[in-house]
Amino acid sequence: MEKILQVKDLELSFHTYGGEVKAIRGVNFDLYKGETLAIVGESGSGKSVTTKSIMRLLPEESAEFKNGEILFGGRDLTKLSDKEMQKIRGKDISMIFQDPMTSLNPTMPVGRQITEPILKHQNINKDEAKKLAIDLLRLVGMPKPELRMKQYPHQFSGGQRQRIVIAIALACNPQILIADEPTTALDVTIQAQILELMKDLQKKIDTSIIFITHDLGVVANVADRVAVMYGGKIVEIGTVDEIFYNPQHPYTWGLLSSMPSMDAEDAKLYAIPGTPPDLLNPPKGDAFALRSEYAMKIDMEQPPPFFKVSDTHMAATWLLHPEAPAVEPPEMVIERMKKFPGSRYYEGSAN
Amino acid sequence: MAEKLLEIKNLKQHFNVGKANEVKAVDGISFDIYKGETLGLVGESGCGKSTTGRSIIRLYDATDGEVLYEGESVHGKKNKKDLKKFNRKMQMIFQDPYASLNQRMKVMDIIAEGIDIHGLAKDASDRKRMVYDLLETVGLNKEHANRYPHEFSGGQRQRLGIARALAVDPDFIIADEPISALDVSIQAQVVNLLKELQEEKGLTYLFIAHDLSMVKYISDRIGVMYFGKLVELAPADELYENPMHPYTQSLLSAIPLPDPNYERNRTRKAYDPAVHNYADGEDVKMREVSPNHFVDCSEKEFAEIQEHLAAKK
């Protein structure tokens with residue numbers, strides 16, 4: 001498969017009054033053509049900062065690239081000038097944000113907001129741009145697009161606004177679409193519609209999607225591959241089946257166990273104890289060790305390297321070291337592993 | 001069946017009455033809440049679930065209908081003293097833990113506000129002790145009492161909101177989307193805390209939310225709202241296993257589950273109110289289709305549901 005984006009050893013810090021916040025501490029991943037990569041993790045784990053650094057949307061006064069590169073089309077995005085970046089932003093890489101109300105301009109008709117990137121990046125005149133915008137609105141499922149072009153954001157519902165934001169993001173057929181919690185502010189029924197729309201459009205224009213969310217249900221629905229972030233690092237990455245049915249990192253175990261399943265008994269929910277690490281003074285070893293019941297002595301002293309689970313699956317935990325003692329994952333995780341051929345709890349195929 | 005704590009009878013809450021932009025946010029809903037249970041209320045934004053909660057606790061004056069708390073009308077005329085006594089029994093936890101705490105007050109004073117209003121503390125040291133106890137109850141510690149809200153994380157703030165609600169020793173708590181603004185792992189902490197407190201203190205909850213999997217987990221019974229009306233009310237398991245109203249079916253089919261195999265095979269059902277095809281003047285109301293399972297339906301639909309249920313057996 002063709003690699004469309006490569007993030008290599010990315011390190012990024014924010015300079016604040018309190019000192020240097022090491023928000024991203026060595027992130028590596030590739031994005032393949034046409035796939036959806038979901039990034040999950042709690043607030044402050046660095047998932048939004050990672051994507052904003054790809055888009056170069058971080059404040060330059062305080063954010064500093066410490067190390068690493070972001071390769072796109074043979075160029076390192078961290079080194080481009082603002083002017084060069086503007087040619088990529090909105091054209092080759094575009095972004096959808098969480099809140100559809102604040103990401104649209106309330107004083108501008110939506111038609112003009114859709115034609116804006118088209119006129120900026122494509123060499124066509126206003127009438128053609130308008131036609132294209134109407135087509136886009138139709139594509140995202142907006143009824144009466146000609147009429148809707150002249151209306152303002154407040155005249156649309158939340159789900160419709162998110163459709164408009166998607167239309168703007170897709171206006172120039174981007175190679176990469178970054179969606180930062182695009183459905184978190186929406187109702188489940190509307191969320192389902194938007195997710196279906198995104199998958200549908202992805203097939204049509206063959207774009208790659210980076211999807212940020214903390215809702216694991218949404219991840220299971222949209223993702224081909226999943227990266228789990230914690231404390232400014234990716235702690236586990238693999239295909240969606242590998243992450244959900246054969247997770248290896250204790251943090252992934254905790255995340256999966258804290259969601260009530262629909263057939264859950266009245267047992268107590270598993271809650272990950274403690275609070276996220278302070279990235280002003282990041283822990284020396286495994287950032288999750290202090291909250292993990294599986295932590296070993298080495299977790300406090302040395303950050304774990306990535307251990308290969310399969311060709312597509314890697315996890316950064318000392319538990320995978322050949323000399324580590326074998327541990328039992330939480331019960332809910334074992335239940336999941338029973339469904340996965342290749343895991344040590346596999347119970348044979350269901351049929 | 002357990003004792004009724006609250007009876008909501010044909011509650012209506014209309015805004016801008018008589019004007020062109022009149023909104024019937026809640027349009028005639030009736031249900032009971034039993035002592036010690038958790039009743040979940042779900043529905044999409046704008047369906048009136050929060051308004052229902054706010055009308056029950058008299059943050060709004062109801063347009064019509066009655067709310068009876070232990071047989072006594074909430075919206076009836078009351079003098080200040082009665083109202084105060086009544087306010088002690090019902091408390092609310094709000095969705096946004098950032099907006100619902102006064103940023104300029106210390107945690108000590110935020111939590112003690114109710115204690116002061118109701119004169120529950122004998123003296124200053126008693127007040128302090130009560131606040132410390134409350135902080136410990138919700139999993140914080142007494143050092144937190146001298147801080148301001150901005151020094152806390154979202155999950156901790158929600159714990160403060162819970163401590164504040166508990167300060168006046170209520171029987172009934174309305175939790176309006178208490179976990180929607182929190183991270184998954186923190187949600188579990190707050191939900192566990194609410195459950196523990198319920199067992200310890202015998203609290204009754206009205207739990208308003210749109211996250212259906214969490215609602216199922218915490219609730220004994222669940223009510224589904226659509227456009228100001230209650231369309232289905234049933235025990236939590238029953239509602240998920242045998243949803244009868246087409247809107248409930250659509251809502252349940254839209255919940256994403258953390259299970260990729262299930263997600264690949266999901267089929268989503270859309271809801272179109274036109275499917276009912278009600279004739280003019282047809283009597284559509286809540287009918288009991290099986291024990292404790294109520295569905296908003298017409299006579300004809302009721303018969304169809306009965307048939308369906310009989311066929312299933």
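Keep in mind the model is a prediction, meaning the values are calculated, not measured. By convention in this document, chain letters (A, B, ...) are assigned in the order of the sequence lines, proteins followed by strands, and residues within each chain are numbered from 1.
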Applying a criterion of heavy atom separation less than 4.5 Å, what residues of residues 41-50 of chain A form contacts with chain B? A:E42, A:S43
To the nearest 0.5 Å, atom CD of B:Q187 lies from atom CE of A:M259 at 8.5 Å
To the nearest 0.5 Å, atom CG of A:N221 lies from atom CZ of B:R266 at 6.0 Å
Going through the checks in order, is the side-chain contact (heavy atoms from CB on, under 4.5 Å) test met by A:Q193 and B:R268? CA-CA 9 Å; A:Q193 289 171 15; B:R268 192 163 63 80; 3.5 Å; yes
Tell me if the CD atom of A:E196 is crowded by more than 12 foreign heavy atoms within 6.0 Å. yes
Spell out the residues in residues 137-145 of chain B that have some non-hydrogen atom less than 4.5 Å away from a non-hydrogen atom of chain A, in order of number; otherwise answer 'none'. none
Taking side chain as C-beta onward, heavy atoms only, is A:V219 less than 4.5 Å from B:P258? no
Residue list, side chain to side chain donor-acceptor pair (under 3.5 Å) with A:R336, at least two apart or on another chain: none
If the contact rule is any heavy atom under 4.5 Å from chain B, which residues of residues 236-250 of chain A qualify, in numerical order? A:V240, A:D241, A:F244, A:Y245
Closest heavy-atom pair and its distance - B:Q189, A:I272: NE2-O, 2.7 Å
Tell me, do A:V218 and B:E263 make a side-chain contact under 4.5 Å, heavy atoms counted? no
Nearest-0.5 Å distance, CG of residue A:D187 to SG of residue B:C47: 8.0 Å
Within the supplied structure, the quantity of interest is the number of heavy atoms (other residues, nucleotides, ligands) at a distance under 6.0 Å from B:E200 CD; does it exceed 12? yes
Best-contacting candidate, B:G43, B:G46, B:A254, against chain A by heavy atom pairs under 4.5 angstrom: B:A254
Exercise: identify the closest heavy-atom pair between A:V188 and B:I255: CG1-CA, 4.5 Å
Nearest atoms (heavy-atom pairs only) where A:A220 meets B:L257: CB-O, 3.3 Å
Let me know if B:E241 has heavy atoms under 4.5 Å from chain A in its side chain, its backbone, both or neither. neither
Picking from A:S258, A:P276, A:A223, which has the most non-hydrogen pairs under 4.5 angstrom with chain B? A:S258
Between A:Q191 and B:P256, which heavy-atom pair has the shortest distance, and what is it? NE2-CG, 3.2 Å
Output the distance between atom OH (B:Y247) and atom OG1 (A:T189), rounded to the nearest 0.5 Å. 5.0 Å
For B:Y271, is the OH atom crowded, meaning more than 12 foreign heavy atoms sit under 6.0 Å from it? yes
